Participant: 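Quick one: this structure, given as structure tokens, is what I'll be asking you about.
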Amino acid sequence: MLAAVSKYIFLYASQSKGLNKAAKKWGLRFGASQVVAGDTIDSAVKKAQELNKKGLICTMDHLGEFVSSREEAIEATEYNVRTLEAIAKAGVNSNLSVKMTQLGLDIDRNFCVRNMRQILETAKQHNNFVRIDMEDYAHCQITLDILRELRQTYDNVGTVIQAYLFRANQDVEELKGTSLRLVKGAYKEYPEVAYQEKEYIDVNYMRIIEAHLLSGSYTAIASHDYHIIAKVKEFAQKHHIPRDQFEFQMLYGFRTDIQLSLVQEGYKMRVYIPFGNDWFGYFMRRLAERPQNVAFALKGLFSKKPK
């Protein structure tokens with residue numbers, strides 16, 4: 001019961017514009033520095049270099065979402081372009097992840113698509129890949145519609161499907177041949193559109209993973225759940241799915257022991273590296289996902305000097 005209440009509180013806080021605005025002034029405090037790789041492109045690139053040396057590959061995410069002005073969206077677009085250029089210049093093995101609400105999706109659809117095309121064109125020039133992060137349910141359909149539009153021109157773009165949504169199975173079916181990151185889901189959604197119980201989410205998660213793998217499509221399994229990872233390994237071996245058709249993904253700062261173990265076993269393991277000063281919503285969702293993550297916050301809260 002306490003875990004459910006704390007989850008609700010953190011998810012509610014993640015959507016607070018007032019708290020998010022204040023957090024930008026606080027800097028990376030309350031333990032956030034342990035899961036957010038600094039506030040600049042350089043800091044993210046350095047983390048990626050460190051991880052690459054350990055055999056881990058990466059995807060970088062300049063944090064931010066739900067912008068309210070064209071100026072902010074243009075600035076975010078240019079920042080993502082610079083991130084791709086920095087990745088290429090440094091020679092690090094890293095993709096880019098983006099949120100379309102950061103690029104103006106809530107302002108004007110065509111404006112957002114133009115910004116996405118600018119990012120994808122830069123990625124294409126540097127032979128890189130861009131993952132469109134899935135956001136809340138209200139943005140799900142429009143995200144998939146834009147993805148299909150972009151894929152008419154670009155093959156270096158994919159998205160994310162969330163297993164807790166009832167529509168996930170149909171979406172995976174319709175997106176055969178598309179590189180997908182499959183996740184359980186981290187937003188607070190109504191019971192009319194999403195499973196609420198972990199046991200049902202886990203079952204559906206494995207269902208969509210298996211379906212996408214069997215379709216021959218590239219599949220990124222983004223989970224820290226050791227049981228899920230073990231099931232995927234067993235399923236891939238049983239059905240003779242080559243290891244170059246899938247990868248495991250985890251968040252920066254979480255389960256580093258399992259990350260390195262997967263590399264040693266010969267699996268592709270990608271670390272999701274968030275960075276930037278718009279970190280509050282991301283951090284609150286991580287606390288909501290796992291109650292034990294609150295230890296990060298308490299450690300940061302009582303530190304004399306934030307990292």
Side-chain angles (χ1 to χ4, degrees), residues 1-15 35 61 65 97 99 131-141 143-144 158-176 178-215 217-236 246-251 253-255 258-259 262 269-270 272 274 281-294:
M1 180 66 180
L2 182 59
V5 172
S6 65
K7 178 177 180 179
Y8 177 82
I9 292 172
F10 287 126
L11 287 175
Y12 181 82
S14 73
Q15 298 172 349
V35 297
D61 176 19
E65 52 198 298
S97 293
K99 286 184 171 61
R131 177 85 59 191
I132 299 174
D133 281 337
M134 187 59 73
E135 303 181 63
D136 59 359
Y137 181 78
H139 294 91
C140 183
Q141 187 60 54
T143 296
L144 297 183
T159 192
V160 180
I161 297 297
Q162 300 162 315
Y164 66 178
L165 296 182
F166 297 149
R167 61 176 292 167
N169 297 278
Q170 184 64 34
D171 288 336
V172 168
E173 173 69 22
E174 294 176 358
L175 289 166
K176 286 180 181 177
T178 303
S179 173
L180 296 178
R181 175 196 294 149
L182 303 179
V183 303
K184 292 184 182 181
Y187 291 85
K188 179 174 175 56
E189 301 294 359
Y190 292 107
E192 290 80 10
V193 300
Y195 296 107
Q196 305 295 308
E197 297 82 8
K198 181 181 183 299
E199 59 184 301
Y200 294 124
I201 297 171
D202 286 355
V203 169
N204 207 43
Y205 189 37
M206 279 306 303
R207 186 180 294 129
I208 63 174
I209 290 171
E210 292 171 2
H212 208 53
L213 286 172
L214 289 176
S215 74
S217 307
Y218 193 81
T219 308
I221 300 98
S223 176
H224 303 99
D225 188 329
Y226 180 80
H227 300 290
I228 293 290
I229 293 169
K231 287 180 180 178
V232 171
K233 289 179 186 177
E234 182 180 353
F235 183 84
F246 67 97
E247 64 185 52
F248 293 104
Q249 295 189 357
M250 294 187 192
L251 301 173
F254 293 91
R255 306 307 298 266
I258 297 180
Q259 293 179 20
L262 286 168
M269 174 64 232
R270 190 179 303 275
Y272 182 97
Y282 172 84
F283 186 47
M284 289 298 104
R285 288 195 293 274
R286 300 295 78 76
L287 294 180
E289 284 175 342
R290 293 166 61 85
Q292 54 267 51
N293 292 347
V294 177

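For the numbers below, each heavy atom of this structure counts, side chains included, while hydrogens, waters and symmetry mates do not. Predicted, not measured: the structure shown is a model, and the values here were computed from it.
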Participant: At their closest point, which heavy atom of T178 faces which heavy atom of H212, and how far apart are they?
Facilitator: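 So the two residues come closest at O-NE2, 2.9 Å.
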Participant: Under 3.5 Å, is there a donor on one side chain and an acceptor on the other for Y164 and N204?
Facilitator: no
Participant: Tell me every residue that passes side-chain hydrogen bond (donor to acceptor under 3.5 Å, both in side chains) with E210, counting only those two or more places apart in sequence or in another chain.
Facilitator: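 Partners of E210 under the side-chain hydrogen bond (donor to acceptor under 3.5 Å, both in side chains) test: none.
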Participant: I'd like to check the ring-ring contact (aromatic ring centres under 6.0 Å, His included) partners of F166; sequence neighbours left out, ordered by chain and number.
Facilitator: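 For F166 the ring-ring contact (aromatic ring centres under 6.0 Å, His included) partners, ignoring immediate neighbours, are Y195.
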Participant: For E173, give me all partners under side chain to side chain contact (heavy atoms under 4.5 Å, CB included), at least two apart in sequence or on another chain.
Facilitator: K176
Participant: Does a donor on one side chain sit under 3.5 Å from an acceptor on the other, for Q162 and Y137?
Facilitator: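 Note: Q162 and Y137 side chains miss the donor-acceptor criterion.
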Participant: Measure the shortest side-chain to side-chain distance between K184 and I228 over non-hydrogen atoms and say whether it is less than 4.5 angstrom.
Facilitator: yes
Participant: Using the test side-chain hydrogen bond (donor to acceptor under 3.5 Å, both in side chains), find all partners of E189 that sit at least two apart in sequence or belong to another chain.
Facilitator: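 So E189 forms no side-chain hydrogen bond (donor to acceptor under 3.5 Å, both in side chains) with any residue.
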Participant: Do the non-hydrogen side-chain atoms of V232 and T219 ever get within less than 4.5 Å of each other?
Facilitator: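 Heavy-atom side-chain distance check fails, nothing below 4.5 Å.
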Participant: If you take all heavy atoms of A168 and I161, which pair is closest and at what distance?
Facilitator: CB-CG2, 3.8 Å
Participant: Could you report the tightest heavy-atom contact between I209 and L182, atom names first, then the distance?
Facilitator: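 Heavy atoms of I209 and L182 come nearest at CA-CD1, 3.6 Å.
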Participant: Would you indicate whether the side-chain heavy atoms of L180 and V160 approach each other to under 4.5 Å?
Facilitator: no
Participant: Of all heavy-atom pairs between V172 and A211, which one has the smallest distance, and what is that distance?
Facilitator: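 That closest heavy-atom pairing would be CG1-CB, 4.5 Å.
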Participant: Answer yes or no: is there a side-chain heavy-atom contact under 4.5 Å between L144 and M134?
Facilitator: yes
Participant: Would you mind reporting whether L262 and M250 have side-chain heavy atoms less than 4.5 Å apart?
Facilitator: yes
Participant: Is there a side-chain contact between Q249 and S223 (heavy atoms, below 4.5 Å)?
Facilitator: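 They are not in side-chain contact.
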Participant: Find out whether E197 and D202 are in side-chain contact, i.e. whether some heavy atom of one side chain is under 4.5 Å from a heavy atom of the other.
Facilitator: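 Side chain of E197 against side chain of D202, heavy atoms only: no contact under 4.5 Å found.
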Participant: Go through the structure and list residues passing ring-ring contact (aromatic ring centres under 6.0 Å, His included) with Y200, not counting sequence neighbours.
Facilitator: none
Participant: Report yes if some heavy atom in the side chain of L165 is under 4.5 Å from a heavy atom in the side chain of Y187; otherwise report no.
Facilitator: no
Participant: Whether R131 and D61 form a salt bridge (side-chain N of Lys/Arg under 4.0 Å from carboxylate O of Asp/Glu) is what I want to check.
Facilitator: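 No.
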Participant: Can you list the residues that meet the ring-ring contact (aromatic ring centres under 6.0 Å, His included) rule with F246, with sequence neighbours excluded?
Facilitator: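 Only F248 meet the ring-ring contact (aromatic ring centres under 6.0 Å, His included) criterion with F246.
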Participant: Is it the case that more than 12 heavy atoms not belonging to K233 sit under 6.0 Å from its NZ atom?
Facilitator: yes
